[in-house]
Structures are given as structure tokens and as C-alpha cells.
Amino acid sequence: MPVQTAVVVLAAGAGTRMRSKTPKVLHTLGGRTMLAHSLHAAAEVDPTHVVTVVGHDKERVGAAVSALETELGRPIAVAVQEEQNGTGHAVECGLSALPADFRGTVLVTAADVPLLDGHTLHALVDEHRSEPTPAAVTVLTFTAPEPTGYGRIVRLPHDGEIAEIVEEADATEEQAAITEVNAGVYAFDAEFLRSALGQLNANNAQGELYLTDVVKIAREAGAPVFAAHLSDSAKVAGANDRVQLSKLAAELNRRTVENWMRAGVTVVDPSTTWIDVGVTLARDVTIHPGVQLLGTTAVGEDAVIGPDTTLTDVTVGEGASVVRTHGSESTIGAGATVGPFSYLRPGTVLGASGKLGAFVETKNADIGAHSKVPHLTYVGDATIGEHSNIGASSVFVNYDGVAKSRTVVGSHVRTGSDTMFVAPVQVGDGAYTGAGTVLRFDVPPGALAVSGGKQRNIDGWVQRNRPGTAAAEAAAAAGLHHSSDLHETEKQDLKDGIEQ
């Protein structure tokens with residue numbers, strides 16, 4: 001029978017140095033909270049059980065754990081540490097959520113080390129089980145040139161094995177000079193851990209139950225203690241304040257961008273490119289400077305993104321081009337072109353080889369293949385067929401102040417500039433509209449819709465109604481002559497209220 005594994009993630013701390021109303025473990029980097037990063041890493045070990053120990057702001061952290069259960073597709077138990085009595089007490093709370101007869105390996109990690117990954121946890125488990133007799137404790141360690149704040153790894157002089165872990169507050173001057181430190185990540189034999197936790201005491205500078213004291217208990221009992229030294233210390237670096245969080249976010253992004261470049265993606269300027277860990281990129285994608293790809297954005301082969309583009313949860317098809325655009329929860333078809341200065345709001349679907357041009361905003365809009373919205377237009381709550389063209393400065397008037405309605409435009413439609421689509425309205429296949437048309441009624445297929453009357457010019461209006469202005473003087477210089485008598489057409493226009 002394979003050895004079972006449980007992972008206990010410690011997430012109970014208050015994180016006061018964040019100076020935030022948001023719990024520390026719910027601060028984000030790379031598109032995930034620190035808690036999510038830790039639970040994703042735990043899930044990669046494929047453990048039998050996962051437990052999250054919560055304490056400070058337990059309702060919000062517990063709700064986040066529940067959401068991650070769905071995301072990861074596995075149950076995650078929650079244990080509550082009502083009083084913050086140290087890491088030993090926190091782990092004891094975590095063990096209470098495991099079955100009483102659980103036997104095997106218990107991995108203990110922290111929710112504020114967001115770069116810790118499943119590969120590192122796998123390696124720790126392998127080291128823990130590497131000898132004929134599995135270790136009671138295996139400690140993940142690293143070398144820190146500036147070890148301030150970390151527990152020091154004290155080794156036996158004769159064989160170099162770990163003797164104990166000494167917290168900084170309790171360290172002697174000699175021990176404080178040690179640069180090998182505790183990463184705060186462990187593998188334990190479950191039965192030994194239960195026994196050792198019952199032997200902890202709070203006789204230390206912090207007055208807490210230190211989990212690190214379990215190492216000394218194991219050594220005194222003659223139980224095997226291993227150490228797994230990690231060369232990549234960034235993987236276990238903690239984020240206790242916003243400065244540390246920012247540095248880790250930059251390091252995570254650097255690694256993410258580098259991984260994509262090695263996978264066949266061209267990133268013109270890695271220093272100005274940010275890619276979340278949930279993003280998917282195909283080979284031969286090109287990313288220009290100033291791009292942020294966030295959430296679950298997915299970009300197809302040969303697509304070109306940027307410069308200066310932010311996409312959140314957007315799917316971009318093969319060969320598409322997206323320039324100086326902000327988009328979220330949208331789909332851009334293969335070969336489509338978007339931008340510059342386009343704004344794709346949630347629910348936008350642009351078909352293959354379609355176009356959204358300069359200063360176009362869309363929302364809840366389904367735009368068919370080869371259709372174009374070239375510039376200066378708002379398309380909201382609309383369906384546009386294939387091979388249609390929407391004229392410049394058009395507006396899909398979808399909101400009447402109470403409710404939103406939908407506009408449906410057919411295929412091979414040509415609409416003139418400054419067309420107003422007053423929803424709900426339908427424009428049939430092959431129809432046209434004249435410039436400046438206000439559509440309040442459906443347009444049959446193949447019809448031309450116009451709403452303005454015949455143009456009328458009222459001669460001499462400026463000189464009569466704006467005498468002494470620069471416009472009047474310009475008109476006079478052009479050879480126009482003032483007339484005190486109103487033309488019959490002007491009288492009628494004034495009567496109709498066209499001119500006031």
C-alpha cells in the first residue's frame with residue numbers, strides 16, 4: 001500500500017506588517033493570492049488530505065479556501081486556530097482535521113511563501129523517504145547571507161547532522177552568525193509528529209509553542225532527522241509586508257516570462273511585460289513592450305499583442321493582432337485586428353478576421369467574421385452578422401434609463417457614419433443606412449434607411465442673427481449681402497422650430 005501524504009498549510013497569522021484590511025494570505029501576485037499559490041503547490045503533490053489552518057479573519061480566509069476547492073477540484077479541510085500560540089500549536093490544530101488513524105507523511109508549509117512549488121515539495125518528500133528507515137523529520141533549509149529573522153540550523157560537529165533549530169530570539173551570538181536557516185517547510189512522520197507536539201512547551205523568548213523544537217525532540221529520542229538544502233532560496237522567501245510582496249511578484253513574473261520565452265514566445269521587452277501564472281501562450285506569439293496578460297488569458301499561435309495592451313481573461317485567436325487595447329472577459333477571433341485604443345468590455349466576441357479600430361468600445365457584443373467597426377463607435381448589447389461595416393461615430397443606444405435592449409444587425413450591412421441604433425431594433429441582411437440616420441424602427445433586408453429631411457440653406461442668417469461676429473465679417477468679405485427681409489423658406493423654418 002502506498003504511503004499516504006497529508007499537507008498542512010499554515011494561514012492563521014494576522015500579517016500586521018501588511019497594514020491592510022485584507023488578510024495577508026489573500027494579497028495577490030501573479031494573478032493568485034498567496035493562499036492560492038500555496039494550495040496549488042500542495043495539490044501538485046497529489047496528497048491524500050489537504051488542511052488549511054486559519055485564524056485571523058477566519059471567515060474571509062475560509063471562504064477563499066472553499067473557492068479554491070472548486071478551482072482545484074478536491075476537498076480542502078479547514079482547521080481553526082482560535083488563539084495564536086505559535087507554529088507548534090497551529091500544526092496541532094491542523095492535525096485535528098486529519099483522520100485519527102492517518103499514517104504516513106505530513107508536509108507542513110506556509111501560505112506566505114508564494115513561490116514554493118510542487119516540484120520542491122515532491123523533492124522534499126523524496127528526501128524524507130530516501131533511507132531504508134524513513135526520517136521522523138526532514139527540514140527544508142537554505143543559505144541566507146543575511147539571516148536576520150530566520151531560525152538557525154545548528155548541526156552536530158562530528159557528523160554534520162541537524163541537532164536543532166534555534167529561533168533568532170533565543171539564539172546565542174555564535175548561533176546567530178549561522179547562515180544556514182530554516183525555510184519553515186517540513187516533512188514529518190505522522191505518528192512521531194503527534195507524539196512530539198505533545199512534548200512542546202513555551203519556555204522561550206516568545207512564550208509560544210515552536211514547531212522547530214520538534215527537531216530537538218527527535219534528535220534526543222534518537223529518531224532520524226534529515227535536511228534538504230534548497231539552492232533556490234527565492235522559492236521559500238516569505239512576504240510579510242508590501243515591499244517583500246512586490247519583490248516576490250517581480251521575481252515570479254521574471255520566471256514566468258522567461259519560461260514562456262524558452263517555450264517559443266517572443267517577448268520584446270521582458271522588463272515591461274507582466275504575465276499571470278494562469279495565462280496560456282502558444283508558440284510564436286509576439287509580445288511587444290508594455291503588455292499585461294492577466295487571469296486566464298489565452299493567446300493563439302502567431303498572434304501579436306501590444307504594445308501597451310492589458311488583457312484579462314481574454315481569448316485571442318491565431319494570427320490576431322491586438323494593439324494598445326484594454327480588454328476583459330472577451331474573445332478575439334483568428335486573424336482579427338483590434339486597436340489602437342479599443343476597449344473590449346465583458347461579453348465581447350469578435351469573429352475571425354473581424355476588426356475593431358481606433359476608439360471603439362464594445363460590451364456584450366457578438367460581432368461576426370470579417371465584420372468591421374473601424375473607429376469612434378460604441379457597440380453595446382448587439383449582434384452583428386458577417387461581412388458588415390459599421391460607420392464611424394455610430395452608437396448602439398442600448399439603455400433607456402431603466403432597461404437595456406439588444407440590437408441585431410445582419411450580414412453584409414453597410415451603415416453610414418453617425419448612425420444611432422436605438423434598441424431594440426433589427427437591420428436586415430444587405431441593408432444600408434445614410435449618414436446621420438437615427439434608427440428607431442426595423443430596416444428590411446436590402447433597404448436604405450435615412451431619417452433626416454432634405455437639406456435647406458438659409459441665406460444671410462449669420463449676418464442677421466450674429467452681426468459683428470468674426471463669422472459675419474468673414475461672410476461679408478466673401479461677398480454676401482445683408483438683407484433685412486426674411487426669405488420665405490427661413491420664415492417657414494423658424495415656424496417649424498428648426499431655427500430658433
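Because the structure is predicted, anything quoted here is derived from the model rather than measured. The figures that follow rest on heavy atoms only: side chains count, while hydrogens, waters and symmetry mates do not.
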Nearest atoms (heavy-atom pairs only) where [X] meets [Y]:
{"X": "Asp241", "Y": "Arg17", "result": "CB-O, 3.6 Å"}
{"X": "Gly30", "Y": "Leu252", "result": "CA-CD2, 3.9 Å"}
{"X": "His27", "Y": "Ser20", "result": "NE2-OG, 3.2 Å"}
{"X": "Gly436", "Y": "Ser451", "result": "O-OG, 3.8 Å"}
{"X": "Gly94", "Y": "Val8", "result": "CA-CG1, 4.2 Å"}
{"X": "Asp459", "Y": "Arg464", "result": "O-NH2, 2.7 Å"}

Is the shortest heavy-atom distance from the side chain of [X] to the side chain of [Y] under 4.5 Å?
{"X": "Phe396", "Y": "Val409", "value": "yes"}
{"X": "Ile332", "Y": "Val314", "value": "yes"}
{"X": "Val360", "Y": "Lys355", "value": "no"}
{"X": "Ile287", "Y": "Leu281", "value": "yes"}
{"X": "Lys24", "Y": "Asn240", "value": "yes"}
{"X": "His375", "Y": "Phe359", "value": "no"}
{"X": "Ser328", "Y": "Pro346", "value": "yes"}
{"X": "Arg466", "Y": "Trp461", "value": "yes"}

State whether a side-chain donor-acceptor pair under 3.5 Å links [X] with [Y].
{"X": "Thr348", "Y": "Thr362", "value": "yes"}
{"X": "Glu71", "Y": "His40", "value": "yes"}
{"X": "Asp313", "Y": "Thr296", "value": "yes"}
{"X": "Gln455", "Y": "Asn457", "value": "yes"}
{"X": "Asp269", "Y": "Thr272", "value": "yes"}
{"X": "Asp117", "Y": "Thr120", "value": "yes"}
{"X": "Thr433", "Y": "Thr419", "value": "yes"}
{"X": "Arg345", "Y": "Ser330", "value": "no"}

Atom [atom1] of residue position [X] - does it have more than 12 heavy atoms of other residues, nucleotides or ligands inside 6.0 Å?
{"X": "Tyr432", "atom1": "OH", "value": "no"}
{"X": "Arg414", "atom1": "CZ", "value": "yes"}
{"X": "His119", "atom1": "NE2", "value": "no"}
{"X": "Lys235", "atom1": "NZ", "value": "yes"}

Interatomic distance, [X] atom [atom1] to [Y] atom [atom2] [nearest 0.5 angstrom]:
{"X": "Leu29", "Y": "Lys247", "atom1": "CG", "atom2": "NZ", "answer": "14.5 Å"}
{"X": "Asp302", "Y": "Ser321", "atom1": "CG", "atom2": "OG", "answer": "12.0 Å"}
{"X": "Arg19", "Y": "Thr22", "atom1": "CZ", "atom2": "OG1", "answer": "15.0 Å"}
{"X": "Asn253", "Y": "Glu258", "atom1": "CG", "atom2": "CD", "answer": "11.5 Å"}
{"X": "Leu107", "Y": "Leu140", "atom1": "CG", "atom2": "CG", "answer": "10.0 Å"}
{"X": "Thr70", "Y": "Leu68", "atom1": "OG1", "atom2": "CG", "answer": "8.5 Å"}

| After noting the C-alpha distance and the side-chain angles of Lys372 and Ile367, does the key distance pass the side chain to side chain contact (heavy atoms under 4.5 Å, CB included) rule? | CA-CA 8 Å; Lys372 299 178 179 180; Ile367 302 165; over 6 Å; no
| Option passing side-chain contact (heavy atoms from CB on, under 4.5 Å) with Ile305 (candidates Thr310, Val338, Leu311, Val267) | Leu311
| request: Walk me through it: do Asp232 and Arg255 pass the test salt bridge (Lys or Arg N to Asp or Glu O under 4.0 Å)? | output: CA-CA 12 Å; Asp232 187 356; Arg255 295 173 183 227; 2.7 Å; yes
| request: May I ask you to say whether Arg254 pairs ionically with Glu251, meaning some side-chain N is under 4.0 Å from a carboxylate O? | output: yes
| field | Cationic N near anionic O, under 4.0 Å, Arg283 to Glu301 | value | yes
| request: Indicate the ring-plane relationship of His412 and His387, choosing parallel, tilted or perpendicular according to the 30° and 60° boundaries. | output: parallel
Check for a donor-acceptor pair, side chain of [X] on one end and backbone N or O of [Y] on the other, with a separation under 3.5 Å.
{"X": "Thr377", "Y": "Ala392", "value": "no"}
{"X": "Ser353", "Y": "His370", "value": "no"}
{"X": "Asp400", "Y": "Ala403", "value": "yes"}
{"X": "Asp381", "Y": "Ser405", "value": "no"}
{"X": "Arg406", "Y": "Ala382", "value": "yes"}
{"X": "Ser393", "Y": "Asp418", "value": "no"}
{"X": "Ser246", "Y": "Val243", "value": "no"}
{"X": "Thr5", "Y": "Val106", "value": "no"}

